[in-house]
Amino acid sequence: MDKFRMMFQFLQSNQESFMNGICGIMALASAQMYSAFEFSCPCIPEYNYAYGIGLLIIPPIWFFMLGFVLNNNVSMLAEEWKRPTGKRSKDPAILRYMFCSITQRSLIAPAVWVSVTLMDGKSFLCAFSINLDIDQFGNSSLIKGMSETEKMKLLAKIPCKDLFDQQEIRVAASRYIKCISQACGWMFLLMMTFMAFMIRAIRPCFSQAAFLKTKYWSHYIDIERKMFDETCKEHAKSFAKVCIHQYFENVSGEMRSFHRHRSNRDDSDDDDEDKKRSDEEKLLGIRAQDDMNKVLWNWHTCKPPLALRKDQPDGEDNDRLNKEVNGGPNGFVNGHTHDMGKKEWAVYYSKV
């Protein structure tokens, strides 16, 4: 158990790097799956370039969009951007930080795809075979007397083994273009690595206080949303349990003790009372559909300000909350308050 706990703590402390590595591995696996299938170049001058470049560009665009779709923080970013200001102001720096974080993770898979495709060289060969000067590979008599259209048709067949008769020329031309493609792949990797290095190196040159503030509040927004969703689920579950329990109590008071032994009646009643009391506490004083709708509406339109109050030992603060109508800063509606007992807290780790 200690080893698993240490591993779990390590993953939590390096969550961003771990998730970026997972995205890169998934993209690499998809690129390897692509290479397992036979590459089918059209070997037609009008379609070779479109097919080769399309295979190099379209899948990365799809990976980039898929990275945004699968990232849960996109909806949180859109919600924070479009929400009414209310009692809580919106900081553009936080929105920029969240967008840059999502974009950075979404760019990993496209970068891996482009790198693997350039290293493979098949799409590059299909796209640029018609631009070769076949004289530099020897046997220039092969194209003597050919028109430009016939030359392009001949060069377009180089990526296809079964359509090009001169295998020596085809192998030499293929190696030449694949060498250029791999050089472009290494240059692309070098450029991406240099950009990542520059971002890492330049970041400390700016105000660290502003960066820490932005990072803190972006994590807060993520955790606040998760805890709000969790609280809504707990409230809905308790609301449903209490509502169903009251329904069956109204139908028949004997239903709870039906088919039970007389000796176990007192113990079971005590357990039911404890569960009922626990469910009542989870309702947080909100016991009507209209009140819950107002709480949810107020949370969206007018989130409470980020200024926590201290609980006062006397009843002055409770009296003030009892006078608030249509939702206060802590979500109480129409004077529904209760004594806050001991709470259980869950820890959430942000993925932003």
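Heavy-atom neighbours of M187 CE from other residues, nucleotides or ligands within 6.0 Å: at or below the threshold of 12. More than 12 heavy-atom neighbours from other residues, nucleotides or ligands sit within 6.0 angstrom of CG on L212. Counting non-hydrogen atoms of other residues, nucleotides and ligands closer than 6.0 Å to OH of Y47 gives a total of 12 or fewer. Counting non-hydrogen atoms of other residues, nucleotides and ligands closer than 6.0 Å to NZ of K90 gives a total above 12.
Between the side chain of N298 and the main chain of K294, a donor-acceptor pair closer than 3.5 Å is present. Judged by distance alone, the side chain of S181 and the main-chain N or O of L118 form a donor-acceptor pair under 3.5 Å. A donor-acceptor pair under 3.5 Å links the side-chain atoms of N48 to the main chain of A156, judged by distance alone.
Looking at heavy atoms from C-beta onward, T117 lies out of side-chain contact with F124 at the 4.5 angstrom threshold. Counting only heavy atoms from C-beta outward, the side chains of T149 and P45 never approach each other to under 4.5 Å.
Closest heavy-atom contact between A127 and Y49: O-CD1, 3.5 Å. A pairwise comparison of heavy atoms in K303 and K87 identifies O-CB, 3.5 Å as the closest pair. Taking each heavy atom of M292 and I286 in turn, the nearest pair found is N-CG2, 3.7 Å. Y97 and S218 make their closest contact through CE2-OG, 3.1 Å (heavy atoms, listed as atom of the first residue, atom of the second, distance). P159 and C126 get closest at one heavy-atom pair: CG-CA, 3.9 Å. In plain terms, the two heavy atoms of M119 and G185 that are nearest each other are CE-C, 3.8 Å.
Taking CG from D222 and CH2 from W217, the interatomic distance works out to 14.0 Å, rounded to the nearest 0.5 Å. Atom CZ of residue R287 and atom NE2 of residue H235 lie 9.0 Å apart, to the nearest 0.5 angstrom. The distance from atom CG of L283 to atom CZ of F239, rounded to the nearest 0.5 Å, is 7.5 Å. Within the model, atoms CD of E79 and NE2 of H300 stand 7.5 Å from one another, a figure rounded to the nearest 0.5 Å. With rounding to the nearest 0.5 angstrom, the CG atom of L154 is 10.0 Å from the OG atom of S129. We find the CD1-CE distance between I202 and M195 to be 10.5 Å, quoted to the nearest 0.5 Å.
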Audit row: L66, W62, side chain to side chain contact (heavy atoms under 4.5 Å, CB included) steps and yes/no: CA-CA 6 Å; L66 186 64; W62 178 77; 3.6 Å; yes

Pair K122-L55, side chain to side chain contact (heavy atoms under 4.5 Å, CB included): steps then yes or no: CA-CA 10 Å; K122 292 180 181 178; L55 196 63; over 6 Å; no

Working for side chain to side chain contact (heavy atoms under 4.5 Å, CB included), residues I53 and F128: CA-CA 9 Å; I53 297 300; F128 296 100; 4.1 Å; yes

Derivation and outcome, side chain to side chain contact (heavy atoms under 4.5 Å, CB included), residues I221 and M76: CA-CA 8 Å; I221 293 172; M76 179 184 66; 3.9 Å; yes

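Note: Y216 and Y220 have parallel aromatic rings, judged against thresholds of 30 and 60 degrees for the angle between ring planes. Using cut-offs of 30° and 60° for the angle between ring planes, the W113 and F63 rings count as tilted. Using the six-membered ring where Trp is involved, F99 and F68 have ring planes that are tilted, between 30° and 60° apart.
By the rule that hydrophobic residues join a cluster once side-chain heavy atoms approach within less than 4.5 Å of another member, W81 and I94 end up as members of one cluster. The cluster map of Ile, Leu, Val, Met, Phe, Trp and Tyr, joined by side-chain heavy atoms under 4.5 Å apart, puts L189 and V116 in different clusters. With hydrophobic clusters built from ILVMFWY side chains whose heavy atoms lie under 4.5 angstrom apart, I61 shares a cluster with V114. In the hydrophobic cluster analysis, where Ile, Leu, Val, Met, Phe, Trp and Tyr join through side-chain heavy atoms closer than 4.5 angstrom, I57 is grouped together with M192. Residues I158 and V171 do not share a hydrophobic cluster, clusters being chains of Ile/Leu/Val/Met/Phe/Trp/Tyr side chains in contact below 4.5 Å.
For the cysteine pair C41 and C160, the distance separating the two SG atoms is not below 2.5 Å.
Applying the salt bridge (charged side-chain N to carboxylate O under 4.0 Å, His left out) rule to pairs touching residues 64-78 yields nothing, sequence neighbours excluded.
With sequence neighbours excluded, no residue satisfies side chain to side chain donor-acceptor pair (under 3.5 Å) with R175.
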